[in-house]
2 protein chains.
Amino acid sequence: MNPGRCAACRYLRRKCPPDCIFSPHFPPNVPQRFVSVHRIYGASNVAKLLQQLPSHLRAEAAESLCLEAQYRIEDPVYGCVGLVSSLQQQIQDTEKQLAKTRAEIAFLKSQARLSHAALEGNLLDNAVNINFSDHQSFHG
Amino acid sequence: MNPGRCAACRYLRRKCPPDCIFSPHFPPNVPQRFVSVHRIYGASNVAKLLQQLPSHLRAEAAESLCLEAQYRIEDPVYGCVGLVSSLQQQIQDTEKQLAKTRAEIAFLKSQARLSHAALEGNLLDNAVNINFSDHQSFHG
């Protein structure tokens, strides 16, 4: 057994070549990563997908494949799409809450305007009352 | 050529058996569905995944596999996981907006309380002014 082999080559019981497409993304200390992608996509499909990408994008692609495979293992019916649906539902709920909260703001603003108008009206009444009282005391 | 073959059996150039695992979910009039899942997962992985599910869940599983394959073809680096990240970002943004809007409500409510207190204070002043005017006219 060669201790330098990557997780993929160990799993596939083969030599790990120096230019192994899996080696940079499937280290031997995290064997489960390869087990998951192998189970869902198959080794040759993963290799094909990584090979068709420029090398600086392969790490992110391997990571997203591992995540997707993991979601599919946890939820064989809906996989990652189940998570997408649940997030879309969460967005709809949050947007509903936002609309409700904005309506509350519009209501509070209209109440504030009414309150302000009442305050102004009251100041005016106050002035009229004072003048009226002065008038009464003049003629009283 | 057998016109009754499903899209999968046509693509794989084989007979479509009566108990074909693909047939109910890959009709011959939508050949692209099978092409996508075959490209990403491979026919045998799709068959395995469908076979291990109870038959009433297979249609939804086939649908989610087609969607995931389509996302991966459109975005070979991130696939469906890219969509999940973008939705999670959208939720964070909407939650920030919600927090901001709720802070605005709290501010408006405190303004409304101040305005209400000012209105009450003014009514009190008004009453005091009237009494004071009466007092002045009495002693004037």
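All chains are named by letter (A, B, ...) in the order of the sequence lines, taking the proteins before the strands, and each is independently numbered beginning at 1.
Expressed to the nearest 0.5 Å, how far CD1 of Ile91(B) lies from CG of Leu87(A) amounts to 4.5 Å. Note: Gln88(B) CD to Gln90(A) CD = 8.5 Å, rounded to the nearest 0.5 Å. Remark: Arg39(A) CZ to Leu49(B) CG distance equals 8.5 Å, nearest 0.5 Å. With rounding to the nearest 0.5 Å, the separation of CD in Glu104(A) from CD in Glu104(B) is 11.0 Å.
In this structure, chain A has heavy atoms under 4.5 Å from both the backbone and the side chain of Leu65(B). Contacts of Leu53(B) with chain A are made by side-chain atoms alone, with heavy-atom separations under 4.5 Å and no backbone atom involved. For Arg72(A), the part lying under 4.5 angstrom from a heavy atom of chain B is the side chain only. Heavy atoms closer than 4.5 Å to chain A are found nowhere in Gln111(B), neither backbone nor side chain. Both the backbone and the side chain of Leu98(B) come within less than 4.5 Å of a heavy atom of chain A.
Interface check for chain A: of the options Leu50(B), Leu67(B), Thr94(B), Leu83(B), the most heavy-atom pairs under 4.5 Å are formed by Thr94(B). Most heavy-atom pairs under 4.5 Å with chain B, from the set Asp75(A), Ile40(A), Val46(A), Leu57(A): that is Ile40(A).
Hydrophobic clustering (ILVMFWY, side-chain heavy atoms < 4.5 Å, transitive): Tyr41(B) and Phe22(B) are in one cluster. Linking Ile, Leu, Val, Met, Phe, Trp and Tyr residues whenever their side-chain heavy atoms come within less than 4.5 Å leaves Phe107(B) and Leu108(A) in two separate clusters. Under the 4.5 Å side-chain contact rule for hydrophobic residues, Val35(A) and Val30(A) do not share a cluster. The hydrophobic clustering, which links ILVMFWY residues whose side-chain heavy atoms are closer than 4.5 Å, places Ile73(B) and Phe34(B) together. Using a 4.5 Å cut-off between side-chain heavy atoms of Ile, Leu, Val, Met, Phe, Trp and Tyr, with links allowed through other members, Val81(B) and Val37(B) fall into different hydrophobic clusters.
Heavy-atom minimum distance, Pro76(B) versus Gln52(A): CB-NE2, 4.3 Å.
Side chain of Glu68(B) to backbone of Cys80(A): a donor-acceptor contact under 3.5 angstrom is found.
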